[in-house]
**Q** 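Following this message is one structure expressed as structure tokens.
One is the number of the first residue; the rest follow in order along the sequence. Each ligand, and each atom within it, is numbered from 1 in the order the structure gives.
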Amino acid sequence: MKTTVVGFPRIGADRELKRITESYLHQESTAEELIQEGRRLRKAHWQLMRNAGIDLIPSNDFSFYDTTLDTAVLLNIIPKRYADLKLSTLDTYFALARGYQGDAGDVTALPMKKWFNTNYHYLVPEFETDTQVKVVGTKIFDEYLEAKTNGIETKPVILGPFTLIKLAAFKGTTYQEHLPQLVAAYQEIIHRLSQQGTQWLQVDEPYLVKDLSEEDRSLFLKIYQNLTNSPRNIKLLLQTYFGDVRDIYEDLLELNIDGIGLDFVEGKHSLELVTASDFPEDKLLFAGVINGKNIWRNDYQKSLILLDKLPPKQFVLSTSCSLLHVPYSVEQESFPAEITKHFSFAKEKLTELKEVAENLDQETEGWGFNQKLFRENRIVEKEALSKQLAALTEKDFQRQPEFRTRNRLQKQTLDLPLLPTTTIGSFPQTREVKSTRARFKKQQINNEDYTAFLKEKIADCVAFQEEIDLDVFVHGEFERNDMVEYFGENLDGFLFSKKAWVQSYGTRCVKPPIIWSDVSRKQSITVKWSTYAQSLTDKPVKGMLTGPVTILNWSFPREDISIKESTLQIALAIQEEVLDLEANGIKIIQIDEAALREKLPLRKSDWYGEYLDWAIPAFRLVHSKVAPQTQIHTHMCYSEFADILPAIDQMDADVISFEASRSNLALLDDLKAQNFQTAVGPGVYDIHSPRIPAVKELETTIETLLEKIPTEKLWINPDCGLKTRGEKETFESLANLTRAAKEIRERLVNETIEN
Ligand code: GLN
Ligand code: ZN
């Protein structure tokens, strides 16, 4: 049996690609040096795969920024404003990716969006009326030949035309206008590759795992019938991932293609689909069995049982998706061997592919080791915790009394003015804050000095909020570098890697913590900071916590228990912290769920059954036990949740703040139409930009908000946390914010008197 991978991480073992790219962008390296390093990395990765015995090795999965952008550039989908800069090909590429400001002009970057249900981001290709789709790039051809020169036959990978259309933006035009050219361009790519002697081409169509409309289906079929109608000298693999292709599977079997790549990890229905009918003899099934998203070892026995059920006798063993979403290699970590043996990053997954393939014929050495690994008890279960979870009843997920009653009580206790002003939590993390924390972590300063430093920062932060007269204060979150890592470090059950970086976008990489075992709270986490801030002022200070769904979504989850169970464990730990804050006199507590929206299942039909049905209760569990007078806030970064508003309301928070500064009036209409009960703080200015909003401008924004939201339900705050901003612009912006709120407040009071 043959093996393949859908794609391999390109950043390198030590994020070399990030380093050289940034160095080039800062004009510290030449284009030639950048290109050389790219070449070196590709070669190293191809050789790694070859040495691991992988049969079909991918090429063109490498990218200096993003493969969707690579495809757009290859096909000349380059908006005029970028082409007009008349930069080199490489610099035009980076202008599309990051924007450009310089002698040649001033353009912003293409928008960036999350790649399906991952934390990777792609650049949104943009078609204009006069976009001429044609093959102008050579990357896919060059990289194939480059590998060939190194003695390695590869399977070039390209983003397919259907997914490209579905993800692209059409400005003043429609996809229909460009379809003939697009199909012709893909035909040409197929033709040129076959002339080069390429044996397989992998065409990625992940959009097929979404709910497909009739229009989607006929568009897809039209494209592929056209694309495959002429004889060709190259095999076509249609690759899907992140789910199953239930809406189109039968049609795929009819197409003139040579391979179908299915995801058997996230594709719940994949097995059912392939076993329901005979698999055509003229096609090869590419079975995505090795998990491309998580970092745990594959359970060989489970894989073999699955593979045994597959109808075709011949298939290619593959990864569930590109290995782009896992870190490079476990070899670079220094966990004890007892722990390391459970992990499999990209490099180790290559061995797994080989071993599973070999084990289909006969038992190999790796088999015994693998079996032992999965039959031994990895985790010492926390008995008390499982009892606690088992004992949870409806009541634990339901805060009492209901919203209206506690709302009244909170009004009395908190005595806040109309349109209360607040921030989302973090204040600027200056170089001083970051370097002091780094020194503390390296034990260059002791706990006492570090605490004193943080207290000083908190005191300054409180004094500033006092000065501009905000209504609800925060302590500033100076102790955290990251809203998930900080809690992970203070909870039992998390592991932190040294180099397990995963590309998030372009040169930005993240290092998600690993949930290793049962999660529980070791000691109080934020209480000392919040209570210290509260001791300095009469204004209420908000406690600041990260919610369980976000902590889970931004970590590598366990596979031996359900995500739901893990989330509930985290929820109980955060609940303890909530109650601890409350017991220590904190009257308002914000529980951030920045990443809740992000992991919505790709199919609408799964939103509730697969996700919201436990994610929302997990959030409620965190705050269900607080007194009616304690006010619970939550925060979400995205405003794109119009379609799940009822679920957001069911979180049963008292107040929710969210990003809204960029044209989000539609959401406000939905809030009104759906009778949204939670009080809301739509961000009144964009914190992603250093720009300082003027008082008048903020007043106008607030007035617009008031047209849609009842006065007693509206809070005034920025979009998100301020940690990436500079101090000066933050202070001025917030001072303007409180002034604007006061102006409007006065106007409202006068109006009431006049009436
Ligand atoms: N409380 C966090 C902060 O202010 C929220 C961050 C976020 O939503 N991403 O930084
Ligand atoms: Zn946010």
Side-chain angles (χ1 to χ4, degrees), residues 112 114 119 121 421-430 433-434 437 454 457-458 461-462 464-465 470 472-488 490 504-505 508 510 512 525-526 529-530 533 541-555 574 577-578 581 586 588-599 619 622-623 631-641 648 651 653 655-662 664 667 680-689 715-727 729-730 733-734 737:
M112 206 162 52
K114 291 231 178 218
N119 195 16
H121 302 67
T421 53
T422 190
T423 65
I424 307 304
S426 58
F427 265 65
Q429 295 244 334
T430 54
V433 173
K434 287 190 208 158
R437 185 169 53 234
L454 289 176
K457 292 301 297 178
I458 291 173
C461 185
V462 169
F464 165 70
Q465 296 174 82
L470 272 162
V472 173
F473 286 17
V474 295
H475 74 280
E477 299 181 23
F478 302 107
E479 74 286 2
R480 324 182 177 172
N481 56 342
D482 176 275
M483 63 190 290
V484 168
E485 190 173 78
Y486 178 72
F487 285 90
N490 284 285
S504 173
Y505 62 87
R508 168 136 177 88
V510 294
I525 306 168
T526 62
W529 310 121
S530 294
V541 172
K542 264 196 289 194
M544 280 297 155
L545 306 174
T546 302
V549 186
T550 297
I551 294 182
L552 186 107
N553 283 350
W554 282 345
S555 303
I574 303 295
E577 184 71 12
V578 164
L581 283 167
I586 300 299
I588 304 183
I589 300 167
Q590 178 172 312
I591 306 154
D592 292 328
E593 283 292 14
L596 190 135
R597 171 73 179 72
E598 173 181 320
K599 282 278 154 71
F619 180 86
V622 174
H623 68 90
Q631 191 167 69
I632 298 296
H633 290 216
T634 188
H635 166 75
M636 285 190 194
C637 294
Y638 312 90
S639 42
E640 288 165 25
F641 46 71
I648 307 284
M651 291 166 80
V655 182
I656 175 168
S657 61
F658 51 84
E659 184 224 292
S661 64
R662 279 166 292 184
N664 203 27
L667 175 69
V680 291
V684 294
Y685 76 86
D686 180 11
I687 60 95
H688 302 94
S689 148
W715 282 66
I716 309 297
N717 47 259
D719 253 346
C720 192
L722 302 161
K723 73 173 180 200
T724 55
R725 292 270 61 88
E727 276 183 325
E729 76 228 23
T730 297
S733 300
L734 289 178
L737 178 144

**Q** Show me which atoms of ligand 1 lie under 4.0 Å from any heavy atom of M483.
**A** 6 (C), 7 (C), 9 (N)
**Q** Between K599 and E593 (salt bridge meaning N to carboxylate O under 4.0 Å), is one present in this structure?
**A** no
**Q** Run the numbers for me: atoms of ligand 1, each under 4.0 Å from some heavy atom of H635, listed by number.
**A** 8 (O)
**Q** For Q590, is at least one N or O under 3.5 Å away from an N or O on ligand 1?
**A** no
**Q** Using a strict 4.0 Å cut-off to heavy atoms of G425, name the atoms of ligand 1 that fall inside it.
**A** 4 (O)
**Q** Are I574 and F487 packed together at the side-chain level, in the sense that at least one heavy-atom pair is separated by less than 4.5 angstrom?
**A** yes
**Q** Looking only at atom types and distance, does a side-chain atom of E659 sit under 3.5 Å from a main-chain N or O of M636, one as donor and one as acceptor?
**A** no
**Q** Going by heavy atoms in the side chains, are I424 and D719 under 4.5 Å from each other?
**A** no
**Q** So, H633 versus Q631: side-chain donor-acceptor pair below 3.5 Å or not?
**A** yes
**Q** Indicate yes or no: at least one non-hydrogen side-chain atom of K542 is less than 4.5 angstrom from one of I589.
**A** no
**Q** With a 4.0 Å cut-off, would you call E598 and K114 a salt bridge?
**A** yes
**Q** If we only count N/O pairs under 3.5 Å, is A594 in contact with ligand 1?
**A** no
**Q** May I ask you to identify the nearest protein heavy atom to atom 5 (C) of ligand 1, giving residue, atom name and distance to one decimal place in Å?
**A** D592 OD2, 3.4 Å
**Q** Does the side chain of T634 reach to within under 4.5 Å of the side chain of D592, using non-hydrogen atoms?
**A** no
**Q** Out of all atoms in ligand 1, which are within 4.0 Å of some heavy atom of C720? Include the element for each.
**A** 7 (C), 8 (O), 9 (N)
**Q** Protein N/O/S atoms under 2.8 Å of the Zn ion (ligand 2)?
**A** H635 NE2, C637 SG, C720 SG
**Q** Decide yes or no on salt bridge (charged side-chain N to carboxylate O under 4.0 Å, His left out) for E727 and K457, but give the supporting numbers first.
**A** CA-CA 12 Å; E727 276 183 325; K457 292 301 297 178; 3.6 Å; yes
**Q** Is any side-chain heavy atom of I591 closer than 4.5 Å to one of H623?
**A** yes
**Q** Can a side-chain donor-acceptor contact be found between R480 and Q429 if the only test is distance below 3.5 angstrom?
**A** no
**Q** Strictly under 4.0 Å, does any heavy atom of K723 approach an atom of ligand 1?
**A** no
**Q** Which atoms of ligand 1 have any heavy atom of S426 under 4.0 Å away?
**A** 3 (C), 4 (O), 10 (O)
**Q** Within ligand 1, which atoms have a heavy atom of C637 less than 4.0 Å away?
**A** 7 (C), 8 (O), 9 (N)
**Q** Within a distance under 4.0 Å of any heavy atom of G721, pick out the atoms of ligand 1 and give their elements.
**A** 3 (C), 4 (O), 10 (O)
